[in-house]
Amino acid sequence: MNPAFSLFGIPYLSLLVFFPSVGALGVLAVPKARERMARTVAFVVAALEFLLSIPLFTRFQPVAGMQIEERTPWLTGIGSSYHLGVDGLSMLLVLLTTLLTALSVLSSFSAVTERPRAYYSLLLALETAMIGTFVALDLVVFYIFWEAMLVPMYFLIGVWGGERRIHAAIKFFLYTMAGSVLMLVAILWTYFLHHSATGVYSFDLLDWYRLPVPLGVQTWLFLAFAVAFAIKVPMFPFHTWLPLAHVEAPTAGSVILAGVLLKMGTYGFLRFAIPLFPNAALLWMPLLLGLAVVGIIYGALVAWVQPDVKKLVAYSSVSHLGFVMLGMLALNAEGLSGSLLQMINHGISTGALFLLVGVLYERRHTRLISDYGGIWKVMPAFAVVFLIIMLSSIALPGTNGFVGEFLILLGAFRAHRVFAVIASLGVILSAVYMLFMFQRVMFGPVTHPENDALPDLRLREWAVFVPLLILVFWLGVYPAPFLARVQPSLAESASLIERRALLCRTAEARAGRPLSSLLPATPAAPDTAATRQP
Amino acid sequence: MRPALPPLQFIMSSTDAMSLLPVWVLTGVALLALTVDLFSRKRGAMWSAWVSLIGLFATGLAIWQVRGLDRTVFAGMVRVDPFSQFFSAVIVGVTIVSVLFSWDYLKRTEILRGEYYALMLFAALGMIFMAQANDLIMVFLGLELMSLALYVLAGFRLGRMESTEAAMKYFLLGAFASGFLLYGIAFLYGATGSTNLERISGYLIESPLAGSPLVLLGIALALVGFAFKIAAVPFHMWTPDAYEGAPTSVTAFMAAGSKAAAFAALVRVSSMVLAHVPITTASVLEVVAILTLVVGNVVAILQSNLKRMLAYSSIAHAGYALVGVIAGGPDGHAAVLFYMATYAAMTLGAFGTLTLLGRGMDERVDVRELGGVGKRHPILAALFTLFMLGLAGIPPTAGFVGKLYLFRAGVETHHVQLVIVALLASVVSVYYYLRPVVVMYMQEPSGSPVEVSRSGAASVALAISASITLVVGVLPGGLADSALRSVLSLLP
Amino acid sequence: MLSYLYLIALLPLAALVLNMMFGARWGHRGVGLVACGAVLGSFVVAAGATLQLAALPEASRSVTQALWTWVSAGNFRADVSLLFDPLSAVMCLVVTFVGFLIHVYSTGYMHDDPGYRRFFIYLNLFTFSMLTLVLADNFLLLFVGWEGVGLCSYLLIGFWYERHSAADAAKKAFIVNRVGDFGFLLGVMLIFVTLGTVNFHEAFALAPQKWAAGGAIATAATLLLFLGATGKSAQIPLYVWLPDAMEGPTPVSALIHAATMVTAGVYMVARCHVMFELAPVSMDVVGFIGGLTAIFAATIGLVQTDIKRVLAYSTVSQLGYMFLACGVGAYTAGIFHLMTHAFFKALLFLGAGSVIHALSGEQDLRHMGGLKRYLPWTYGTMLIACLAIAGVPPFAGFFSKDMILEADFESHWRFLYVVGLVTAGLTAFYMFRLFYLTFYGEERLTHEAKHHLHESPASMTGPLAVLAFFSAVAGFVGMPLVRHGNRFAEWLAPVFADVQGVREQVAHAATAVIPGPIEASALAEEPHASTGLVIALMVLSVGAALIGIGVARLFYVRDTGAPERWGARFQGAYRTFFHKYWVDELYQAIVVRPLERLSQWLWRFFDVGVLDGIVDGTGGLVVLGGTLLRLFQNGYVGTYAFFLVLGVVLVLFGVGAGR
Amino acid sequence: MTPVFFLLFALMAVVGATMVVLQRNPVVSALYLVLVFMSLGGFFVLLAAPFLAAVQVVVYAGAIMVLFLFVIMLLNLQKDVDDGLHHAARRLFGWLLGIVIAAQAALLLRAPWALGPRGKEPPELVHALGNTQVIGLRLFGDYLWPFEVTSLVLLVGVIGAVVLSLRRGAPAGIEDAP
Amino acid sequence: MSWLTQGDVPLEAYLVVSGILFLTGVVGVLVRRNALIIFMCIELMLNAANLAIVAFANKLHQTDGQVFVFFVMAVAAAEVGIGLALIVNVFRARQTVYVDEVNLLKG
């Protein structure tokens with residue numbers, strides 16, 4: 001484990017987390033008379049943040065466990081500390097966040113003219129919350145970032161969104177929050193389980209990883225966590241907020257939403273829900289697998305018949321995230337690697353798709369597929385980029401999507417063969433809905449005269465897409481630098497889940513009776529009592 | 001032969017006197033505020049305001065002076081301990097902020113009179129008495145002092161029917177509830193032979209008759225009185241009407257101050273009385289808490305008058321705080337303290353914002369009229385949003401941390417169902433808290449746009465509330481520690 | 001050259017990147033030069049490598065070049081690594097050589113098309129993908145090429161994207177291929193899960209050890225792989241995309257949908273022969289599907305009127321032929337036919353392209369005729385091609401087709417031979433039908449077409465000539481009966497050397513499990529026909545071809561009224577053939593439309609109505625509850641006091657109950 | 001004699017209270033309330049609290065009720081109109097709740113109960129010392145603080161009454177009811 | 001009921017009277033619509049409490065209860081001052097003291 005390092009005297013992760021917020025204040029400080037400057041400031045901040053995050057990748061040690069940890073006592077009274085750290089799992093997601101935020105800022109240059117200062121500062125504040133969510137190792141800190149993230153997103157959708165933006169924003173907020181409040185109860189519950197087992201109040205995830213959770217309680221705790229994360233993912237049937245939010249959000253909002261926010265759900269499963277409550281997770285595995293697979297097929301089928309491009313991409317997210325969940329639930333190295341990689345891939349490809357739709361929307365102010373047609377002729381470069389991104393999205397070998405999807409299916413095939421086979425049908429269906437859409441938008445003659453003179457990609461738009469295209473091929477052709485870095489962490493995750501499942505079972509067995517009395521009042525199991533701290 | 005009367009003893013040492021310094025100061029200030037008003041017909045009222053403000057700061061200093069003291073004075077009537085100091089500080093803070101909000105609000109609504117500030121200070125005094133009360137008599141007297149002042153304040157805007165109506169409803173129901181409280185105190189007195197909380201608690205601990213019907217009756221009726229003051233369902237029904245009709249600055253003061261004081265008394269009583277009754281009143285309180293959470297939040301959804309909406313929200317918040325009371329113990333009570341302090345800041349800020357909406361006599365508190373405020377008054381809108389988010393319990397505001405502490409205590413003491421209800425209710429609350437935000441930022445003004453009054457004093461007050469909401473949200477440690485230290489003095 | 005294997009694939013890739021970046025500046029000439037040059041370069045490297053390979057001792061004629069680790073996670077590992085053995089050598093040579101010729105041809109054919117540069121970029125991308133496919137040394141890399149060629153096929157079919165039919169066809173091709181890929185992927189996964197590797201060498205070495213011969217795993221894995229092959233190689237049930245694919249420019253049809261891409265399935269089956277041999281059931285399926293497809297497509301081809309569609313069905317049919325060979329274990333024959341077919345089918349398409357080009361885009365046979373005079377080069381080369389495909393000696397098709405028929409005759413499914421023979425006759429018929437309708441008889445040209453009528457430029461006729469040459473002589477590398485006449489089989493022998501061992505194992509397993517009258521040795525033995533039999537079979541097949549040609553001549557040159565009469569007499573059959581057995585309609589009715597209706601229902605009713613309805617309904621319930629609760633707040637002090645007292649009752653009750 | 005007086009006062013109190021509730025005429029109600037207050041004074045005498053009895057009569061019967069009557073007169077109130085279904089329903093529910101609470105209390109109090117510990121001031125002793133004196137000593141002894149606070153309460157009462165009645169600087173009239 | 005002759009009125013008797021007064025007050029608040037009467041009923045409740053307290057004090061041999069009642073009376077007086085002023089205000093504005101005719105605020 002490499003020791004925590006700091007830049008400019010600030011602990012590195014804290015710097016990463018809070019730099020965008022400071023930048024947001026900077027954006028707000030732009031005088032009103034020159035509020036168009038806000039975008040430049042915001043981009044500089046976001047770009048700097050991305051550059052700042054690069055050492056995270058380069059200095060990352062391919063070993064298991066947390067790195068670059070930071071820990072400061074915070075809520076000493078209740079045993080919560082400001083504890084940050086990254087491992088392979090979060091490292092990539094943080095990088096994805098910084099990249100997508102920078103690109104989102106860039107993509108909004110011409111799309112957002114109204115109240116730009118507020119817009120960009122919210123975007124940057126959102127970045128803080130997202131990175132915070134990924135690096136927090138204390139449950140309270142995690143929950144704070146998790147919830148705080150809703151606010152800027154809510155405003156981004158609600159203020160700069162489409163026609164039904166208000167409905168969408170509120171639904172997004174309420175639905176996600178409704179899910180996560182139950183998680184808070186579960187967090188508190190686990191916290192007291194930890195206290196009764198060890199005598200120590202701690203919200204620290206790493207402490208909790210050593211806590212045997214009674215089997216009877218696990219189900220409830222797991223479900224509470226799982227619902228919160230399943231809504232965020234979103235897993236079928238908790239996905240209905242997503243199409244609405246995606247459609248109504250401004251382009252950058254959709255990009256962040258699809259690219260990063262959804263990953264919080266899958267990340268949460270892998271970091272919290274499954275390792276903390278492994279036995280319950282295993283117990284409920286068939287259901288989760290079923291939902292993941294249903295999500296894959298269902299999302300694809302429903303995406304197919306969408307008349308609205310953004311909605312189509314939104315439902316495709318349901319399908320893709322179903323793959324991510326499937327791979328994760330395989331709980332083997334292949335599935336987990338694929339799952340993580342697919343999280344990144346989905347961020348790239350779906351993010352890029354939303355950016356592309358945004359490009360179109362900016363020119364035509366419609367998202368209906370039927371309003372397009374023959375776009376290839378008008379905007380050939382755009383069409384090619386669209387094509388490549390689409391291929392990445394349908395997991396064509398050679399693009400990033402394939403590596404992830406294949407590993408997921410492989411992992412799932414090893415662990416849950418039937419589910420994997422059904423899920424593989426998604427491979428066909430993803431081609432179906434994407435190609436139908438692509439054909440109707442890109443091919444054919446130009447049927448709407450308004451489309452005749454659409455300008456092709458501009459230089460700034462190229463600047464947005466080139467990094468994504470590079471990643472599409474890099475991850476597709478040479479994913480080794482990524483995979484190698486995350487392997488130890490994922491292996492650790494898998495083994496942690498296994499170890500903890502055993503730990504919980506043996507603790508229960510040794511106690512000689514079920515430790516399932518629900519609350520901390522239960523006297524600790526004898527073996528854990530021995531480890532009680534003074 | 002006539003037996004000799006016992007001699008009258010001076011029962012006060014200088015330390016005792018010293019420990020009551022804040023009360024002395026505040027009383028003096030209140031009287032002074034009342035008096036200075038008389039000297040100038042024109043500017044007297046503003047002199048009262050200045051006197052009140054400076055006096056309140058002096059009171060604050062006095063509280064700082066007596067910090068850490070823990071003693072019972074006046075033959076057990078008053079307990080000056082960290083607990084009461086905590087609440088005193090909160091109440092003084094609430095009053096300062098309320099005075100600041102009143103500063104220009106009274107002018108523009110043309111109800112500027114010196115008695116206003118005097119009454120506010122008397123009400124604050126009553127609240128402090130409740131927090132310090134170590135005897136049911138003091139609880140009753142403090143409560144009445146506070147209530148009487150508030151009845152008048154609620155009806156202070158004589159020119160408006162709503163204000164008078166609010167005052168009348170508040171008064172009738174308040175007096176009604178006081179009747180129950182008094183009757184409850186009577187039973188407790190009869191059952192335990194004392195009105196002194198320490199003696200009651202001592203008796204209950206020792207006596208095998210702690211669960212006797214008289215005690216129960218007493219507790220039940222006293223609870224009704226407290227439940228009324230904290231606006232718990234179904235004793236809440238005065239709240240929306242009183243809050244809506246009262247001058248907005250008074251509403252702010254009521255919502256923050258009287259709730260804090262009532263919780264102060266409730267926590268002290270519950271830790272010294274309820275805790276020692278062998279039967280559980282928790283189930284009753286739990287039902288009340290659940291009702292409060294549900295009704296408060298659900299009905300708030302339908303309100304378009306912001307004052308009324310916030311009134312329901314204050315009902316709901318009583319429900320959250322009740323979770324801490326029900327949980328009990330140092331953790332639960334500390335959570336209540338913490339929550340009251342943060343809730344006060346947020347709700348003051350929210351109502352305070354409302355004092356600025358509209359110009360002159362024209363108050364604009366309908367949520368539907370807020371369209372475009374976000375664009376034209378970005379700072380005000382941002383602050384209001386902050387308060388709304390805080391009340392909704394969204395991190396990183398103080399509201400979240402407050403709820404975290406409360407629910408932590410709730411889960412710790414096995415009240416998981418209650419906590420779940422509270423959390424789900426908080427999800428519902430998000431809807432109505434976000435509604436003004438939606439309108440301010442996401443909708444265009446319909447009809448004539450809301451004009452916003454300018455007020456330096458109110459700006460300062462908003463800044464104070466906002467910074468507390470945010471700073472405590474990010475660094476809650478200090479407040480949490482002091483809350484915990486404060487409740488430790490409740491332990492026998 | 002063996003150490004520069006990567007160049008074979010890299011050159012087209014480099015060319016496409018160059019063309020992409022600078023092609024706009026270089027103009028048509030430069031683009032064409034770079035594109036053709038790269039493929040020629042690949043061919044040269046491939047040829048050099050083949051020569052070097054030939055110089056090696058037979059046992060070590062398999063060279064691997066590892067480039068980098070591609071995917072490595074857990075136990076799974078797939079490298080970007082190239083495998084060059086006689087089989088890939090053949091494939092590489094065919095791809096680069098035919099590819100080169102078609103590139104050259106395209107410089108003429110596409111000369112006036114505004115998408116000239118795009119076309120060559122696609123073609124190069126295709127060549128790159130195809131070479132990756134044949135050079136891959138593991139399943140995953142093979143899949144890269146596999147899907148890559150599918151993509152190029154998609155792009156090239158939809159090259160004229162403004163035409164709805166082209167866009168539809170492209171989409172159809174990709175999706176149908178995806179269905180196959182679904183199977184292929186599952187097959188690969190099954191292979192990895194059971195064998196622990198996706199590397200060809202390791203997998204083929206492990207399969208006989210780890211898989212029970214004839215067992216379920218072997219059968220499932222190979223069937224899944226074969227599902228992939230049916231998609232790519234347009235076999236029943238996934239052949240439907242290929243006829244539609246004729247929407248693409250004709251050189252594309254020649255290169256992708258005749259010579260190279262569609263043969264990927266055959267290549268793959270041949271590559272995985274060890275696995276297929278382990279699963280006799282799968283072998284039978286391969287053979288049956290091949291045979292069925294062969295005769296099925298041939299019947300459809302009999303009556304089609306679009307020149308390219310006839311060729312397309314012919315391709316499907318010929319691919320079926322190749323599987324017919326593979327299905328009975330005659331991989332060499334399959335690959336041989338693959339090679340000869342690449343020549344003559346490419347030639348046919350290019351010739352057809354030349355005709356179409358000459359007629360300004362006319363593709364309907366009914367509007368041709370008598371073109372012999374105008375297009376002498378085309379006529380000549382087409383004749384050779386037709387003779388070749390009809391199996392007339394000594395043209396290339398004769399040898400390869402004969403090799404297949406012989407293998408089928410000697411297999412235990414002798415009726416496959418009959419199928420093959422009938423198909424051969426049908427093939428000869430419809431090919432010459434096409435030939436006669438095009439070049440003979442009266443001119444049925446439209447006025448405009450006639451106006452522009454001209455022989456194609458040298459850039460087009462040149463490749464025609466070269467291909468014609470190879471169509472004529474390529475068969476001589478696989479001469480039967482002559483000692484060392486079958487150089488082709490000898491060349492490939494090292495690749496298929498392990499077949500014998502596997503067959504013994506299978507036979508052993510079969511006898512072990514079902515002790516019975518099955519002659520294990522008969523199954524396991526390499527079929528070895530007597531000279532007399534070979535000659536007899538040759539005569540039969542040549543006879544069939546000649547009958548076909550004769551009937552065609554009768555119908556379309558001598559007695560031009562005959563087709564109509566016969567069509568009327570066998571109206572049922574005619575309509576069935578003409579409407580392609582209504583398979584497209586069937587798929588539409590039982591797969592596409594129900595699925596679409598299901599999706600619509602899922603979206604409109606289930607998603608929006610039920611799922612979202614529940615979510616919104618929850619909110620609605622809260623609001624309803626609020627509305628009801630609000631009624632109590634009616635402004636009357638009396639009501640408020642009433643509820644207060646009700647609260648007292650509640651508290652008293654609670655306290656009373658609490659004790 | 002005590003029981004007789006008790007019964008007398010009890011009768012007066014209960015009848016008076018009931019009539020306060022039942023009487024339509026506010027003036028009559030107020031007069032009945034005076035009756036209750038007087039009877040309460042009687043109880044206080046019986047309970048050895050003569051000082052309180054005096055205060056009761058002076059403050060309640062004297063001051064408070066006069067104030068009430070004064071207001072009734074000032075407002076020129078007529079008999080209340082409490083007719084109609086609405087009011088009948090309210091009466092029904094009101095009495096019903098009263099009965100329910102009475103029943104609950106009765107049920108609760110059926111269990112054994114006892115008073116708290118006795119103090120050191122038996123009525124006889126207090127009587128001997130002089131009830132008023134003792135009360136006075138207590139007021140300025142242990143209860144000095146509440147006593148002072150009570151003064152504040154009264155002060156607020158005064159201020160409040162003044163504020164609400166006098167309308168210095170306020171616009172001439174209250175908005176008329178619509 | 002022996003106390004009728006014994007001469008010592010037991011606590012229970014006072015409590016019953018007090019309870020009746022209290023409940024009558026409660027019922028009065030519920031059934032009347034005249035604000036003044038309601039207010040009177042509230043006074044009734046306070047008096048009932050006073051009675052109970054004094055009775056308890058008597059039986060407990062304490063004077064604390066009497067002192068308490070003294071405070072209550074003072075508070076009641078202050079309350080009456082404010083309450084009546086409020087009711088007068090309402091009347092001035094609405095020409096009614098009926099509480100159910102004063103409901104601008106509701107919902």
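The figures here come from the full heavy-atom set of this structure, side chains too, leaving out hydrogens, waters and symmetry mates. Residue numbers start from 1 in every chain, and the chains themselves are labelled A, B, ... in the order their sequence lines are given, proteins ahead of strands.
Only the backbone of B/A392 has a heavy atom closer than 4.5 Å to any heavy atom of chain A. In this structure, no portion of B/T397 lies under 4.5 Å from any heavy atom of chain A. Proximity to chain B involves both the backbone and the side chain of A/V185, based on heavy atoms less than 4.5 angstrom apart. Contacts between B/L434 and chain A at a heavy-atom distance below 4.5 Å involve backbone atoms as well as side-chain atoms. For B/K403, no part lies near chain A; criterion is any non-hydrogen pair under 4.5 Å. Proximity to chain A is limited to the backbone of B/V474, based on heavy atoms less than 4.5 angstrom apart. Proximity to chain B is absent for every atom of A/Y175, based on heavy atoms less than 4.5 angstrom apart. Interface residue A/Y154: backbone and side-chain heavy atoms are both found under 4.5 Å from chain B.
At a heavy-atom cut-off of under 4.5 Å, chain B is reached by A/V140, A/Y143 from residues 129-143 of chain A, listed in order of number. Scanning residues 156-165 of chain A against chain B with a 4.5 Å heavy-atom cutoff picks out A/G158, A/V159, A/R165, ordered by number.
In terms of heavy-atom pairs under 4.5 angstrom with chain A, the leader among B/L484, B/V401, B/V428, B/I420 is B/I420.
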Worksheet item: Yes or no on side chain to side chain contact (heavy atoms under 4.5 Å, CB included) for A/Y191 and B/V411, after CA distance, side-chain angles and deciding distance?
Response: CA-CA 10 Å; A/Y191 163 74; B/V411 174; over 6 Å; no

Worksheet item: Could you go step by step and tell me if B/L404 and A/L188 meet the side chain to side chain contact (heavy atoms under 4.5 Å, CB included) rule?
Response: CA-CA 9 Å; B/L404 177 72; A/L188 290 171; 4.2 Å; yes

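Seen from the ring of A/F192, B/R408 does not count as a face-on cation partner, given the 6.0 Å and 45° thresholds.
Considering only heavy atoms from C-beta on, B/E412 stays 4.5 Å or farther from A/W189 through its side chain. Between B/Q443 and A/I166 there is a side-chain heavy-atom pair separated by less than 4.5 Å. No side-chain heavy atom of A/W220 sits less than 4.5 Å from a side-chain heavy atom of B/V416.
Here the shortest heavy-atom pairing between B/F400 and A/I144 reads CE2-CG1, 3.1 Å. The shortest heavy-atom contact between A/V151 and B/L389 is CG1-CD1, 3.5 Å.
Going from atom CG of B/L424 over to atom CE of A/M177 covers 10.0 Å, rounded to the nearest 0.5 Å. Distance check, rounded to the nearest 0.5 Å: CD1 of A/I170 to OH of B/Y431 gives 5.0 Å.
Judged purely by atom type and a 3.5 angstrom limit, A/W74 has no side-chain atom pairing as donor or acceptor with the backbone of B/P476.
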